[in-house]
Amino acid sequence: MTMLSALRPGPAVLAFCALALAGCSQPAPPPDNAKLAGGEPIATRAVMVGTEGPTLPACSSISRVKDGGTDVYWAPGETRVVKARLAGGTPVSLCEAADNDRWFGIVFAAPGTDKDMCGVGRSVPNAREYQGPCRWGWIRGGTVRLGA
């Protein structure tokens, strides 16, 4: 046996080195590689109704989405998974504000459904999570015309 043959790595060591190098050759994913829509949300927070007390409507304002439309998300600050997309002019009920009005919790009727059936125009005895029958979600502040 020569000195060089004693230093020659065996097949197992060569295979391990090849796998390690293959893993290093893959580029790192970008820091924000989430899909624009679909999949599971990272955070979910139901919209609260009745936050203004039992003498006022469950949601304080009927507003309309500004021209250009807006995306609806599962929670304030959650921008990775879009729950729904609303066209400009779509009526929504503003029920809750978060992060200094940067996000609004809304209730909205599904297409072809009467918005009056959402039940947010009447008062509720205590603040609670909205349970339906309409849809709910979170939109960015500034994407609606208030009181329109």
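Numbering of residues begins at 1 and proceeds along the displayed sequence.
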Task: In one Ile/Leu/Val/Met/Phe/Trp/Tyr side-chain cluster, 4.5 Å: V47, V82 - done: yes

Open item on the list: Nearest 0.5 angstrom please: I106 CD1 to R135 CZ, how far?
Closed with: 9.5 Å

- [ ] Apply side chain to side chain contact (heavy atoms under 4.5 Å, CB included) to N100 and list each qualifying residue two or more places apart in sequence or on a separate chain.
- [x] none

- [ ] For K66 and G88, indicate whether the former's side chain and the latter's backbone hold a donor-acceptor pair under 3.5 Å.
- [x] no

Task: disulfide bond (SG atoms under 2.5 Å apart) contacts in which one or both residues fall within residues 102-142, not counting sequence neighbours - done: C118-C134

TODO: Please lay out, stage by stage, how V144 and V92 fare under the test side-chain contact (heavy atoms from CB on, under 4.5 Å).
DONE: CA-CA 9 Å; V144 293; V92 297; 4.0 Å; yes

Open item on the list: According to salt bridge (charged side-chain N to carboxylate O under 4.0 Å, His left out), who are the partners of D67, at least two apart in sequence or on a separate chain?
Closed with: R145

Without placing hydrogens or testing angles, list every side-chain donor-acceptor pair under 3.5 Å for residues 120-129, not counting sequence neighbours.
{"unit_1": "R122", "atom_1": "NH1", "unit_2": "G119", "atom_2": "O", "d": "2.7"}
{"unit_1": "S123", "atom_1": "OG", "unit_2": "P54", "atom_2": "O", "d": "3.2"}

Task: Selection residues 100-136 - residue pairs positive for ring-ring contact (aromatic ring centres under 6.0 Å, His included), sequence neighbours left out - done: Y73-W103

Task: CD-OG1 distance between E78 and T44, expressed to the nearest 0.5 angstrom - done: 7.5 Å

- [ ] Might you point out which heavy atoms bring S63 and L94 nearest each other, and give the distance in Å?
- [x] OG-CD1, 3.6 Å

Task: Sequence neighbours excluded, every pair satisfying salt bridge (Lys or Arg N to Asp or Glu O under 4.0 Å) that has a member inside residues 96-111 - done: R45-E96

Task: Inter- and intrachain pairs under disulfide bond (SG atoms under 2.5 Å apart), touching residues 44-88, at least two apart - done: C59-C95

TODO: Mind checking side chain to side chain contact (heavy atoms under 4.5 Å, CB included) for T70 and listing every partner two or more places apart, or none if nothing turns up?
DONE: V65, L86, I139, T143

